[in-house]
Undergrad: 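Here it is, the structure in full.
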Protein chains: 4
Amino acid sequence: MAGQVGFIGIGIMGLPMAKNLVTKAGKKLVVWNRSQERIALLQGELADEAAQVEAAESPEAVVKACDVTFVMLTTPSVVRSVLFDMPGAAIHGVSSGKMIIDCSTITEEDSRASYDAVKTAGGSFLEAPVSGSKVPAETGALIFLAGGDKDVFDEVVKQKMFDVMGKKSIFLGGIGAGARMKLAVNMVMGSMISALAEGIVLCESNELDPAEFLEVLDLGAMANPMFKMKGPNMVQSKRQYTVNFPLEHQQKDMRFALQMGDSSATPMPVAAAANELFKAARAAGYDREDMSAVIEALRKRNE
Amino acid sequence: MAGQVGFIGIGIMGLPMAKNLVTKAGKKLVVWNRSQERIALLQGELADEAAQVEAAESPEAVVKACDVTFVMLTTPSVVRSVLFDMPGAAIHGVSSGKMIIDCSTITEEDSRASYDAVKTAGGSFLEAPVSGSKVPAETGALIFLAGGDKDVFDEVVKQKMFDVMGKKSIFLGGIGAGARMKLAVNMVMGSMISALAEGIVLCESNELDPAEFLEVLDLGAMANPMFKMKGPNMVQSKRQYTVNFPLEHQQKDMRFALQMGDSSATPMPVAAAANELFKAARAAGYDREDMSAVIEALRKRNE
Amino acid sequence: MAGQVGFIGIGIMGLPMAKNLVTKAGKKLVVWNRSQERIALLQGELADEAAQVEAAESPEAVVKACDVTFVMLTTPSVVRSVLFDMPGAAIHGVSSGKMIIDCSTITEEDSRASYDAVKTAGGSFLEAPVSGSKVPAETGALIFLAGGDKDVFDEVVKQKMFDVMGKKSIFLGGIGAGARMKLAVNMVMGSMISALAEGIVLCESNELDPAEFLEVLDLGAMANPMFKMKGPNMVQSKRQYTVNFPLEHQQKDMRFALQMGDSSATPMPVAAAANELFKAARAAGYDREDMSAVIEALRKRNE
Amino acid sequence: MAGQVGFIGIGIMGLPMAKNLVTKAGKKLVVWNRSQERIALLQGELADEAAQVEAAESPEAVVKACDVTFVMLTTPSVVRSVLFDMPGAAIHGVSSGKMIIDCSTITEEDSRASYDAVKTAGGSFLEAPVSGSKVPAETGALIFLAGGDKDVFDEVVKQKMFDVMGKKSIFLGGIGAGARMKLAVNMVMGSMISALAEGIVLCESNELDPAEFLEVLDLGAMANPMFKMKGPNMVQSKRQYTVNFPLEHQQKDMRFALQMGDSSATPMPVAAAANELFKAARAAGYDREDMSAVIEALRKRNE
């Protein structure tokens with residue numbers, strides 16, 4: 001039991017994270033996912049090491065089988081369901097000594113509720129939402145923004161599990177701090193990708209080559225990996241929105257960040273405008289495209 | 001006459017650019033500036049090479065004395081005055097073979113007017129607004145965004161003058177293309193610094209350490225030199241707005257970019273919100289601070 | 001018991017509403033309010049009819065004493081506390097035949113929760129948030145936006161109680177419809193008062209007489225009672241923000257309306273910008289002023 | 001000559017204004033319009049009084065034939081062309097004693113230029129942009145916002161010409177004051193119609209009847225003729241955008257108002273957001289629809 005680690009949620013992010021725990025940290029995993037196909041996919045990618053992944057019949061069973069369990073799910077309502085509400089929810093497996101690390105992006109409120117419930121059941125809890133999407137998850141370059149029980153953080157660090165999944169982990173304070181930091185970072189991301197989108201469309205409408213625009217940006221003080229990665233796919237003639245971070249999730253994070261600003265009376269007009277742009281992109285049907293598809297909300301229709 | 005180059009405008013940007021032409025390209029300069037003090041300052045910084053800088057009595061005299069003349073001034077109205085309207089304006093020195101390179105940030109409309117006037121007087125004209133502010137000007141790391149007469153561009157390249165002042169020069173097309181590209185780039189800059197400002201203030205209002213926030217940003221896909229340079233000075237306890245690019249000039253560029261989007265019916269709601277934030281910062285008295293002082297428009301009063 | 005009506009919440013809105021029930025509909029009231037002073041104030045205003053108002057010791061006692069009970073409280077959290085969570089909460093008085101009408105502005109989610117709880121306890125529930133603030137409450141000119149149990153609506157109509165408190169009551173559909181309609185209306189109100197504020201400040205900054213501006217508005221197609229009432233007090237030299245609707249409550253409604261738009265992917269960029277302006281006014285310390293004090297967020301500091 | 005009045009520009013606004021001068025003030029008009037058809041249309045509408053309208057061959061000829069000439073054109077560039085640049089421009093007819101009243105919506109800058117040119121030529125000049133669109137023009141219910149030469153204002157008032165075209169005329173001060181006031185008013189109009197549009201779409205997306213929404217608005221403090229006139233045509237099932245004020249002109253006015261705020265460092269984030277919405281509506285092809293078609297920029301595509 002000491003050697004095996006739990007992992008709940010084998011999605012776009014969860015799969016590569018779990019894979020790194022096996023291949024780079026030599027962990028044996030007990031996993032659960034709503035659909036079995038994703039588990040088979042993980043096992044397929046592991047090839048010779050497929051036996052290191054064992055499917056459990058419920059989140060509860062995962063927690064019972066492991067001291068340390070990671071959770072990586074898509075939305076707050078899914079997190080609530082899997083941790084607390086569904087039959088066989090994770091909480092039923094929690095007892096003294098159990099450690100839960102929730103890497104999902106959730107609200108501070110939900111994170112606090114999870115913390116309280118796990119503590120009440122005798123366990124320990126760490127929120128550790130990540131900065132970075134699919135590619136950093138694959139290359140082990142995530143950043144973990146941790147808040148909650150420091151001893152859980154220390155244990156995961158000791159077992160070098162943050163090391164194989166990420167390039168950095170920071171303990172930011174009590175429960176909620178990780179969730180808040182994640183939102184602050186993703187809010188900047190949403191405003192930045194919107195700013196890039198506006199710049200590209202402005203070029204396209206004004207006889208400027210957007211490829212030269214991206215080159216100029218990349219030469220200057222604003223050069224950043226995100227622009228470099230996403231920019232070329234956003235121009236009119238390409239429009240390839242490989243989904244690293246779905247637009248509806250980006251919009252969700254903008255919304256939560258704005259609510260956080262709202263409760264602290266912090267004006268954030270640029271983020272608010274970007275959020276409305278993401279909503280317009282959702283209204284135009286781009287929910288499940290990559291967040292960089294926000295550019296479509298700026299384009300003339302019928303093009 | 002062949003060996004000497006004209007330089008009009010020895011301001012925050014012009015001084016280091018002129019200095020690089022002397023020290024790195026070995027040019028002899030004929031210069032004009034509204035106040036003599038700036039010329040003396042340039043000569044003082046050149047020390048042994050001070051004799052390489054000769055002050056002319058008017059812009060007209062500069063152009064008459066040189067085949068190639070650079071112009072680097074602060075606002076469109078100053079450019080208009082110095083090139084066309086003041087006694088001894090530069091245009092009066094233009095004749096066949098004279099080449100004018102305007103590196104100021106001006107509107108496409110003004111740039112076209114300058115182009116037409118210089119062509120009518122028999123000369124050639126290149127707009128070459130720069131991306132980059134004080135520090136890149138000093139280190140010769142500007143990016144020149146050129147539009148207009150290709151032969152002027154080629155001549156400046158041949159004499160390696162773009163090489164010593166910048167790290168890249170791009171010929172973008174006919175007159176106006178350089179001005180438009182500059183605005184598109186600066187618009188993204190204005191939105192990005194505003195997004196950073198909102199993130200910092202959000203942290204400060206929600207018990208998060210803004211220094212950790214900057215660290216997280218710097219580890220991820222949004223890491224960029226501007227955030228790294230300006231971020232640390234923007235936090236509540238520091239507030240050091242070293243002026244690399246004055247806020248009123250940034251706001252001016254946002255405004256021009258928005259007008260460009262306006263005439264092409266390109267919606268740019270994020271830039272528009274950022275522009276209003278810069279206006280609020282101006283209303284709060286931060287015109288002449290660095291553009292990163294935009295964060296003050298988000299802060300509670302009486303703090 | 002048939003003749004008496006319950007009223008919970010004797011605040012800015014509740015007091016004049018309760019007063020109208022007594023003076024115009026001849027009702028005997030059983031009331032509860034967190035502070036006793038407000039009840040004394042109500043009795044004082046009723047003079048000869050003071051005996052028509054009896055204070056109960058708890059919300060529960062009000063409901064037990066009356067078939068029909070109105071609730072008019074300030075925030076969702078106060079509503080939750082008084083209806084469900086505090087000792088002697090209203091829900092403990094609910095049994096078969098009890099009718100609760102909640103006139104507070106709350107979220108659809110909270111309204112649904114109240115509905116479900118009251119129904120489970122055997123009672124009936126109507127949400128009836130009002131359009132209109134202090135003055136319309138006094139003059140009996142509120143508009144009731146009702147949703148929930150139609151039989152409760154019909155009973156209140158039958159007893160002519162909406163008639164004496166308001167000029168119109170509309171049954172909009174199932175539970176939640178009233179809350180949603182209220183938010184849609186208040187969102188427009190917040191955007192409109194912000195638009196007026198911007199216009200006034202624009203005049204003040206550009207040598208135009210804001211009084212003439214208000215006169216011109218009042219002559220045209222945009223003339224409306226709110227501009228007429230609030231405009232004159234908003235100009236620089238007056239600045240009299242008589243509190244009809246506190247700014248923090250207006251901002252709260254904007255926020256809820258935006259969340260409603262968010263969950264339906266409805267872009268509302270103008271309301272989002274207005275919301276940020278209200279937040280800036282809160283950051284500047286105007287939470288408890290009238291919502292028209294939003295204009296202060298546009299003004300230069302140190303004036 | 002004393003009895004006849006000049007009228008340049010027989011467009012959507014000019015035609016009913018000219019008609020009122022004939023039918024209600026008994027004036028004989030000398031008119032010019034770019035296309036002859038509009039003049040024939042005016043004469044057709046005048047029936048028995050068609051002879052009161054005489055077509056001149058140029059703007060210059062109009063001014064030469066009349067002491068007082070009204071100008072009512074669509075855009076600043078058309079105004080510049082007709083007053084100054086085209087062959088037979090109005091300015092060539094100006095001499096001592098000639099009075100020009102420009103009712104077009106133009107920028108303060110253009111208005112000042114017109115003023116200066118007319119004064120230089122010996123004439124007098126009044127800007128008198130109107131508040132109100134097609135219907136008020138027809139019913140003689142415009143509001144004239146005048147600035148410039150007070151004696152021109154007094155003469156037009158004396159001849160009761162403002163009286164028959166409008167319900168109010170206000171002299172606001174020196175040249176430019178009328179243009180600025182017009183922009184301030186139209187800015188509020190643009191923000192208000194956008195706010196209404198957002199409210200309607202919010203209802204449509206959230207199972208609320210937009211007709212009931214309009215009814216509620218019309219009962220409350222925000223009731224205004226514009227909402228009453230335009231609201232019913234904006235709902236999803238109607239979408240009838242009878243053109244009273246073309247969307248591209250509304251957007252133009254928003255832009256000019258924002259530039260005015262820009263030069264006075266007046267933040268106007270709500271107007272800026274509304275302006276971007278109008279731009280999005282233009283990008284979607286609604287330039288020539290009524291300004292109320294701005295609602296289409298909020299609607300889901302493919303509906």
Side-chain angles (χ1 to χ4, degrees), chain C residues 131-133 136 143 145 167-168 170 172-173 177 180-181 183-185 187-189 191-192 194-196 198-199 201-209 212-213 215-217 219-227 229 257 260-261 264-274 276-277 297-298 300, chain D residues 131-133 136 143 145 167-168 170 172-173 177 180-181 183-185 187-189 191-192 194-196 198-199 201-209 212-213 215-217 219-227 229 257 260-261 264-274 276-277 297-298 300:
Chain C
S131 180
S133 57
I143 303 159
L145 307 172
K167 63 181 174 187
K168 181 85 179 185
I170 309 179
L172 297 159
R180 293 197 307 272
M181 182 61 84
L183 290 177
V185 168
M187 179 184 81
V188 174
M189 180 163 68
S191 294
M192 276 178 65
S194 299
L196 179 66
E198 290 183 354
V201 174
L202 184 63
C203 287
E204 292 172 350
S205 308
N206 286 276
E207 296 171 47
L208 292 170
D209 182 346
E212 286 180 331
F213 171 68
E215 186 190 356
V216 172
L217 280 176
L219 284 163
M222 289 170 284
N224 65 83
M226 180 174 73
F227 282 8
M229 179 171 70
M260 193 168 127
S264 57
T266 309
M268 304 189 298
V270 171
E276 295 303 317
L277 198 57
L298 298 167
K300 289 183 177 58
Chain D
S131 181
S133 56
I143 302 157
L145 307 172
K167 63 181 176 190
K168 181 87 178 184
I170 309 178
L172 297 159
R180 293 198 305 273
M181 182 61 84
L183 290 177
V185 168
M187 179 183 81
V188 174
M189 180 164 67
S191 294
M192 274 177 66
S194 298
L196 178 66
E198 291 184 354
V201 174
L202 185 63
C203 287
E204 291 172 350
S205 309
N206 286 277
E207 296 172 46
L208 292 170
D209 182 346
E212 287 180 332
F213 171 67
E215 186 189 355
V216 172
L217 280 176
L219 284 163
M222 289 171 283
N224 65 84
M226 180 173 73
F227 283 8
M229 180 172 69
M260 192 169 129
S264 57
T266 310
M268 303 188 298
V270 172
E276 295 303 318
L277 199 56
L298 298 167
K300 289 182 178 56

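Below, chains carry the letters A, B, ... as their sequence lines are ordered, and counting in each starts from 1. Just the heavy atoms: all of them, side chains too, but no hydrogens, waters or symmetry mates, feed the values below.
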Undergrad: By a 4.5 Å heavy-atom criterion (distance strictly below it), what part of D/Leu183 contacts chain C: side chain, backbone, both, or neither?
TA: neither

Undergrad: Under a 4.5 Å cutoff for heavy-atom pairs, which residue among D/Leu277, D/Val188, D/Val201 has the most contacts with chain C?
TA: D/Val188

Undergrad: Based on non-hydrogen pairs under 4.5 Å, which of D/Ser191, D/Ala272, D/Gly199, D/Pro267 is most in contact with chain C?
TA: D/Pro267

Undergrad: At a heavy-atom distance under 4.5 Å, which candidate from C/Ala271, C/Gly261, C/Ser131 has the highest pair count against chain D?
TA: C/Ala271

Undergrad: Hey, are the side chains of C/Glu212 and C/Cys203 touching, using non-hydrogen atoms and a 4.5 Å cut-off?
TA: no

Undergrad: Taking every heavy-atom pair that is under 4.5 Å apart, which of C/Asn206, C/Val185, C/Leu196, C/Ile143 has the most such pairs with chain D?
TA: C/Asn206

Undergrad: Quick check: do C/Lys168 and C/Ile170 have side-chain heavy atoms less than 4.5 Å from each other?
TA: yes

Undergrad: I'd like to know which of D/Glu276, D/Lys167, D/Met229 tops the heavy-atom pair count under 4.5 Å against chain C.
TA: D/Lys167

Undergrad: Could you have a look at D/Ala274, D/Ala223, D/Ser194 and say which one has the most heavy-atom pairs with chain C under 4.5 angstrom?
TA: D/Ala223

Undergrad: Considering non-hydrogen atoms only, spot the tightest contact between D/Ala221 and C/Asn224 and give its length.
TA: O-OD1, 3.4 Å

Undergrad: Could you check whether any side-chain heavy atom of D/Phe213 comes within less than 4.5 Å of a side-chain heavy atom of D/Asp209, counting everything from C-beta outward?
TA: no

Undergrad: Just give me the residue among D/Met260, D/Met189, D/Met187 that pairs up with chain C most often, heavy atom to heavy atom, under 4.5 Å.
TA: D/Met260

Undergrad: What's the shortest heavy-atom distance between C/Met268 and C/Ala257, and which atoms?
TA: CE-O, 3.4 Å

Undergrad: Applying side-chain contact (heavy atoms from CB on, under 4.5 Å) to D/Met222 and C/Phe227, what does each step give before you reach the verdict?
TA: CA-CA 8 Å; D/Met222 289 171 283; C/Phe227 282 8; over 6 Å; no

Undergrad: Please confirm whether the backbone N or O of C/Ala177 pairs with a side-chain atom of D/Glu207, one donor and one acceptor, at under 3.5 Å?
TA: no

Undergrad: In terms of heavy-atom pairs under 4.5 Å, which option from D/Ser205, D/Gly220, D/Gly132 contacts chain C the most?
TA: D/Ser205

Undergrad: Hey, which of C/Val216, C/Thr266, C/Leu202 has the most heavy atom pairs under 4.5 Å with chain D?
TA: C/Leu202

